[in-house]
*Asks:* 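Below is one structure. I have some questions about it.
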Amino acid sequence: MSSPVVTRIAPSPTGSMHIGNARSALFNWLYAKHTGGKFLLRVEDTDRERSTEASVQVIFDSLTWLGLMWDGEPVFQFARAPIHKAAVQRLLDAGHAYHDYLTVAEADALKEESRAAGHALRSPWRDRKPGPTEEGKPHVIRFRTPDEGDTVVEDKVRGTVRFPNKDIEDFVLMRTDGTVIYNLAVTVDDHDMGVTHVIRGEEHLSNGGRQTLLYKALGWDVPVFAHLPLILGKDGGKLSKRHGAQSVGDFREMGYLPEGVRNYLAKLGWGHGDDELFTDEEAIAWFDVVDVVKAGARLDFDKLNHVNNWHIRRADDTRLAELVLPILRDERHLALPDDALARLEAAIPLVKEGAKTLQELADLSLYAIKVRPLALDDKTIGNLTDETRGRLARLVEALRGANDWTPQGLQDLLKAFAESEGVGLGKIGPALRGVLSGGVQAPDLGSALASLGRDESIGRIQDALSHLR
RNA sequence: GGUCCCUUCGUCUAUCGGUUAGGACAUCAGAUUUUCAAUCUGGGGAGAGGGGUUCGACUCCCCUAGGGACUGCCA
């Protein structure tokens, strides 16, 4: 009965993709998936200064990494300039727009006057035909905003929002150089792309009024609008670099999983009862724009960490190992053994419960990929008393004979060994830990031994016993 | 200045006129302990203020205060 939903994300290439933009993309994606509709991408590259090939690529990369794949080919706004111009001409022909020969300075002065008079800018040129002096002179084309009445935006999250027309200025549609302005381009493109639901940041709410005016003047159906609350920084201010992260790339570098970011972002400004941690399938099944919250939300890394940890726990270990490996190799410049990937795969399931990010997962699994002989930290060296050395040597024998090389089996073996030595585990644990890990974090000893394997474990212990005297 | 939006624990939120105002993160205390975590148990913590409407308001209306967006020949 109702036409299929079409949503879109329309970022402009600025060199990075803001996380707020990413959330808009997510909500559009979720809503399209939820309704079985389409999610389109339009690159707003009309600002030729900033629109480099590289910054366009950032948009593709950011969305791809986030797992928000768009349907069909992306639309490039700049390429549609002739269509935009035709729309302006239609507006001109219908009397909804006019040529304005005011200079920038004159327009500024007039805005001041209008403001003082209690209304927005209305150019004298709206009812004046260019004379011989103006013919051929540079000028802009402005929209003829109605003087009376209100423009109403039926917003899915904010309800009915009315803008008095007298307070909406005769905004520019086409610049002196013949290129069109944002509001015109967006309206024409959204219409041509068949967009049914415009879901975007709250900063566009007042543009919703101007665009509604354009849709009506052009004789088109107005799409459903839904304006999302802003994402704020920890201090409640606008999210910026000083808050630690603001672009999709930042979050990626900090070691967040795309599904973790999706989950957290979805929770930021939208909710489904008490559900906090969920999969994409659940989010898609539950999502609806009418459930979006109105107030701006602060980005909280503690909560993000918690959400991300949940997704790391349920992520595939091979995938995690493949993500952690380059961090260790390329970011930390560590020399890795040939079987590094296999070692990481063995270690990750033992340590991932405590990892909030991939960076932490790298810290926690670092012990596993160290190359023998390990450099020992001072604390461990201090622990290697003659007494302890004797015990470790005897432990090596016990390990050689171990027939249950599993975390639990080895845990039991250690307990039994400590007992046979007549001491508590605390007497041998710290030294063994240091010798096995080289001083970095490692899981409990049974798990550490199990993940390292018999040869590597015994080798590391013997290295310590022989290399240090 | 004008227009518009917003306002429940520190943070994200639930509540859709009747609840001891619920949950999550964070925090605090305890348990556990071979590092760091993780885990378990328990605790503290909220309706911006003022008026209405109503038998009854966090919930509806108005005012004030505070925060934010827009007010570009940027998007």
Side-chain angles (χ1 to χ4, degrees), chain A residues 10-14 44-47 49-50 77 100 102 104 107-108 111-112 114-116 118-121 138-142 153 155 157-159 161-164 166-169 171-177 179-183 185-186 201-210 227 229-230 232 234 236-238 264 267-277 293-307 309 313 351-356 360 363-364 379-380 411 414 418 424-434 437 439-446 448:
Chain A
S12 56
T14 59
E44 310 227 317
D45 56 349
T46 51
D47 184 336
E49 298 280 303
R50 292 189 288 180
Q77 190 163 63
D100 178 49
L102 247 31
V104 174
D108 286 346
K111 277 182 196 179
E112 288 300 317
S114 303
R115 179 180 288 190
H119 62 260
L121 175 72
H139 63 279
V140 297
I141 293 172
R142 286 184 187 274
V153 174
D155 192 281
V157 350
R158 270 144 230 290
V161 181
R162 345 178 67 92
F163 299 94
K166 74 174 178 63
D167 294 314
I168 301 176
E169 72 169 19
F171 50 95
V172 172
L173 297 175
M174 187 180 282
R175 303 181 182 91
T176 312
D177 67 3
T179 58
V180 300
I181 252 43
Y182 171 75
N183 279 303
V186 166
E202 190 190 351
E203 69 270 24
H204 288 295
L205 184 53
S206 48
N207 283 326
R210 298 184 191 99
H227 289 93
L230 265 23
L232 281 10
K234 186 87 182 165
K238 200 168 178 176
Y264 177 72
K267 265 299 295 173
L268 204 59
W270 169 81
H272 184 261
D274 283 341
D275 296 303
E276 301 273 347
L277 304 166
V293 168
K294 294 186 176 81
R298 303 174 192 217
L299 185 62
D300 178 8
F301 282 95
D302 286 326
K303 188 73 164 259
L304 206 209
N305 284 338
H306 178 255
V307 171
N309 171 254
R313 286 171 180 237
V351 302
K352 66 181 188 177
E353 304 229 323
K356 295 189 271 292
E360 289 189 5
D363 291 333
L364 294 169
K379 188 179 159 199
T380 301
Q411 185 64 41
L414 285 175
L425 235 193
K427 212 65 176 138
I428 188 153
L432 177 58
R433 169 177 295 286
S437 70
V440 300
Q441 288 182 33
D444 70 86
L445 293 174

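In what follows, every chain begins at residue 1, and chains take the letters A, B, ... in the order their sequences are listed.
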*Asks:* When you get a sec, tell me which of B:rU71, B:rC6, B:rA69 is the closest nucleotide to the side chain of A:Arg210?
*Replies:*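 Of all the options, the side chain of A:Arg210 is nearest to B:rU71.
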*Asks:* For B:rA24, give its Watson-Crick or G-U wobble partner with both distances under 3.5 Å, or none.
*Replies:*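 Check on B:rA24: paired to B:rU11, both distances under 3.5 Å.
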*Asks:* Checking base pairs now: Watson-Crick or wobble, both atom distances under 3.5 Å. What partners B:rU41?
*Replies:* B:rA29
*Asks:* Considering only heavy atoms and no angle criterion, is a donor-acceptor pair shorter than 3.5 Å present between the side chain of A:Glu276 and the base of B:rG23?
*Replies:* yes
*Asks:* Applying a 4.0 Å non-hydrogen cut-off, can you work out what A:Ala442 is touching in the nucleic acid: base, sugar-phosphate, or nothing?
*Replies:* base
*Asks:* With sugar-phosphate meaning primed atoms plus P, OP1 and OP2, does A:Tyr182 contact a base, only sugar-phosphate, or nothing at under 4.0 Å between heavy atoms?
*Replies:* base
*Asks:* Any N or O donor-acceptor pair under 3.5 Å from the base of B:rU34 to the side chain of A:Gln411?
*Replies:*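 Looking at the base of B:rU34, it does pair with a donor or acceptor on the side chain of A:Gln411 (distance under 3.5 Å).
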*Asks:* Any donor-acceptor pair, under 3.5 Å, between the side chain of A:Asp167 and the base of B:rG2, if you only look at N and O atoms?
*Replies:*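 A donor-acceptor contact between them is absent.
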*Asks:* For the side chain of A:Arg298 and the base of B:rU11, is some donor closer than 3.5 Å to an acceptor across the two?
*Replies:*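 By the distance-only test, no, there is no pair.
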*Asks:* Is B:rC70 paired to anything, Watson-Crick or G-U wobble with both distances less than 3.5 Å, and if yes, which nucleotide?
*Replies:* B:rG2
*Asks:* Taking a pair as Watson-Crick or G-U wobble with both distances under 3.5 Å, which nucleotide is matched to B:rU53?
*Replies:*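 Pair assignment: B:rU53 / none.
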*Asks:* Under 4.0 Å, counting only non-hydrogen atoms across every strand here, what does A:Leu425 touch: a base, just sugar-phosphate, or nothing?
*Replies:*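 Touches a base.
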*Asks:* Reading RNA chain B from 5' onward, which residue's closest nucleotide shows up sooner: A:Lys111 or A:Asn207?
*Replies:*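 It is A:Lys111, whose closest nucleotide lies nearer the 5' terminus.
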*Asks:* Check if the side chain of A:Ser206 and the base of B:rC4 share a donor-acceptor pair of N or O atoms closer than 3.5 Å.
*Replies:*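 Result: no qualifying N/O pair found.
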*Asks:* Measure the distance from NE2 on A:His227 to P on B:rA75 and round it to the nearest whole Å.
*Replies:* 17 Å
*Asks:* Starting the side chain at C-beta, find the nucleotide from B:rG22, B:rA69, B:rC73 nearest to A:Asp274.
*Replies:*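 Within the option list, the nearest is B:rG22.
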*Asks:* For B:rA46, which nucleotide is its Watson-Crick or G-U wobble mate, given both distances must be under 3.5 Å?
*Replies:*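 Partner of B:rA46: none found under 3.5 Å.
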*Asks:* Would you kindly compare A:His204 and A:Lys294 by the position of their nearest RNA chain B nucleotide and give the one closer to the 5′ end?
*Replies:* A:Lys294
